[in-house]
Number of protein chains: 2
Amino acid sequence: MVSKTEEYALRAAVCLARLHGPGVVRSAEMARATGIPANYLSKILHQLGREGIVSSERGRSGGFRLVRDPADVTLAEVVAPFEPQVERNRCLLGRPECSDGNPCGAHLGWKKIRGATIDFLENTTLYDVIRADPDRNRDGS
Amino acid sequence: MVSKTEEYALRAAVCLARLHGPGVVRSAEMARATGIPANYLSKILHQLGREGIVSSERGRSGGFRLVRDPADVTLAEVVAPFEPQVERNRCLLGRPECSDGNPCGAHLGWKKIRGATIDFLENTTLYDVIRADPDRNRDGS
DNA sequence: GGTAATTCGGACAATTTAGTCTGATATGGG
DNA sequence: CCCATATCAGACTAAATTGTCCGAATTACC
């Protein structure tokens, strides 16, 4: 339903949101806390950097930080860079054209589900997640 | 959201449902009508055969047919053999445990969407699809 | 019985996704 | 200045998914 890379991006962003503050978080620390392979995480963070979701400090006391407040970052934004662009709203039955005017037999039902998913991702912020998460007070170790 | 193989299985099943009758449909004909690579389709049909969704006749006038009436076959049944078993309801944030009693911050919203998807697949039959599909009277070529 | 047309079924190849490794670059502190 | 410790970035490897190929088994028709 959601690729592993997208899941990793969400985990990383939630982790950063939890530790959000004036300082930066080291990527190795995030890897430990989230269980994401360290080198792969670094790739994902770098991509999120290019998209303007996170920023980084280099050098000895470097690390990553969210650019905006967690309450201003939606899950959709975090996931977007890792979605295969083309296939966004393709027909469940693989028809080349499948629209409201020219729908396949599953169009209506499938559209509802796709809509609900997008709606959820676009209207849930990182803050919403950490607020609702009982893990927020536990240590990652 | 749904793998290509699962999409192919649905297309193939819908195709068989459209042509449902006493006889069988040749796999090469289905490949032409659906646009699925012929050899790959044959693999998928074979798998659907093992699952008891379709049956086949071998030899010169052989082919495939739905075992049950299209109105008795749900989309969930068609897709099921091609789902990666393990990951059925995994947490959006990748937590090892994520249940109603011990939910992650995204649990509730994500559960709704997953539920709606499963509900749709389980309560939509092949007949529902071909009844609603304007393509049902067109020739596949 | 032979031949053509079909499914059966696995081996193989290509593509995409996931993950690893290595070196370059930057920064703070002795 | 030099070294330890970060990020940065791309090349490389591994695994999963998708797609191809080919030979064997089966059946209808001549």
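Per chain, numbering begins at 1; letters A, B, ... match sequence-line order.
- Taking atom OH of residue B:Tyr8 and atom P of nucleotide D:dT17, one finds them 15 Å apart after rounding to whole Å.
- As a whole-Å value, the separation of B:Asn39 CG from D:dG23 C1' is 13 Å.
- Of the side-chain N and O atoms in B:Arg60, none sit less than 4.0 angstrom from OP1 or OP2 of C:dA4.
- Using a 4.0 Å heavy-atom criterion, one finds that A:Gly63 contacts the sugar-phosphate atoms exclusively.
- At its two ends the helix from C:dG1-D:dC30 to C:dG30-D:dC1 runs along axes set 10° apart, each axis drawn from five pairs and the angle rounded to 10°.
- Put simply, CG on B:Leu41 is 15 Å from P on D:dT18, counting in whole angstrom units.
- The nearest whole Å value for the distance from the CE atom in A:Met30 to the P atom in D:dA6 is 14 Å.
- For the side chain to side chain contact (heavy atoms under 4.5 Å, CB included) test with A:Leu10, the passing option among A:Val2, A:Leu75, A:Val129 is A:Leu75; the others fail.
- Note: NZ (A:Lys4) to C1' (D:dA14) measures 13 Å, nearest angstrom.
- Salt-bridge annotation for A:Arg95 and B:Glu7: absent, with no side-chain N of the basic residue lying under 4.0 Å from a carboxylate O of the acidic one.
- A donor-acceptor contact under 3.5 Å is not formed by the side chain of B:Lys43 with the base of C:dG9.
- Across D:dT18, C:dG9, C:dT7, the shortest atom-to-atom separation from the side chain of B:His46 is found for C:dG9.
- Residues B:Glu77 and B:Arg68 are paired through a salt bridge, judged by an N-O separation under 4.0 Å between the basic side chain and the carboxylate.
- Shortest non-hydrogen contact noted between B:Ala17 and B:Leu66 is CA-CD1, 3.6 Å.
- For the OP1/OP2 pair of D:dT18 and a distance below 4.0 Å, the side-chain nitrogens and oxygens of B:Thr5 include at least one atom meeting the criterion.
- A sub-4.0 Å separation between OP1 or OP2 of C:dT7 and a side-chain N or O of B:Ser27 is present.
- When all heavy atoms are compared, the tightest approach of A:Val14 to B:Leu93 is CG2-CD2, 4.2 Å.
- Within the 4.5 Å cutoff, the side chain of B:Tyr127 has no heavy atoms near those of the B:Asp72 side chain.
- Close to D:dA6, at under 4.0 Å from its OP1 or OP2, lies no side-chain N or O of A:Ser61.
- Taking OG1 from A:Thr5 and CG from A:Leu41, the interatomic distance works out to 11.5 Å, rounded to the nearest 0.5 Å.
- Protein atom CD1 of B:Ile36 is 16 Å distant from nucleotide atom C1' of D:dT17, rounded to whole Å.
- Among the heavy atoms of the strands lying under 4.0 Å from A:Ser3 are primed sugar atoms or P, OP1, OP2 only; no base atom is included.
- Between B:Leu48 atom CG and C:dG9 atom C1' the separation is 16 Å, expressed in whole Å.
- One interatomic measurement links the two molecules: CZ of B:Arg32 to C1' of C:dT6, which rounds to 14 Å at whole-angstrom precision.
- No donor-acceptor contact under 3.5 Å links the side chain of B:Arg58 to the base of C:dT6.
- The nearest heavy atom of DNA chain C to A:Pro37 and to A:Gly59 marks one nucleotide each, and the one closer to the 5' end goes with A:Pro37.
- Toward the 5' end of DNA chain C, the nearer of the two residues A:Ala38 and A:Glu57, judged by each one's closest nucleotide, is A:Ala38.
- Across all non-hydrogen atoms, the minimal contact from A:Ser27 to A:Phe64 is CB-CE1, 3.8 Å.
- Out of D:dG19, D:dC8, C:dT7, the shortest distance to the side chain of B:Tyr40 is found at D:dG19.
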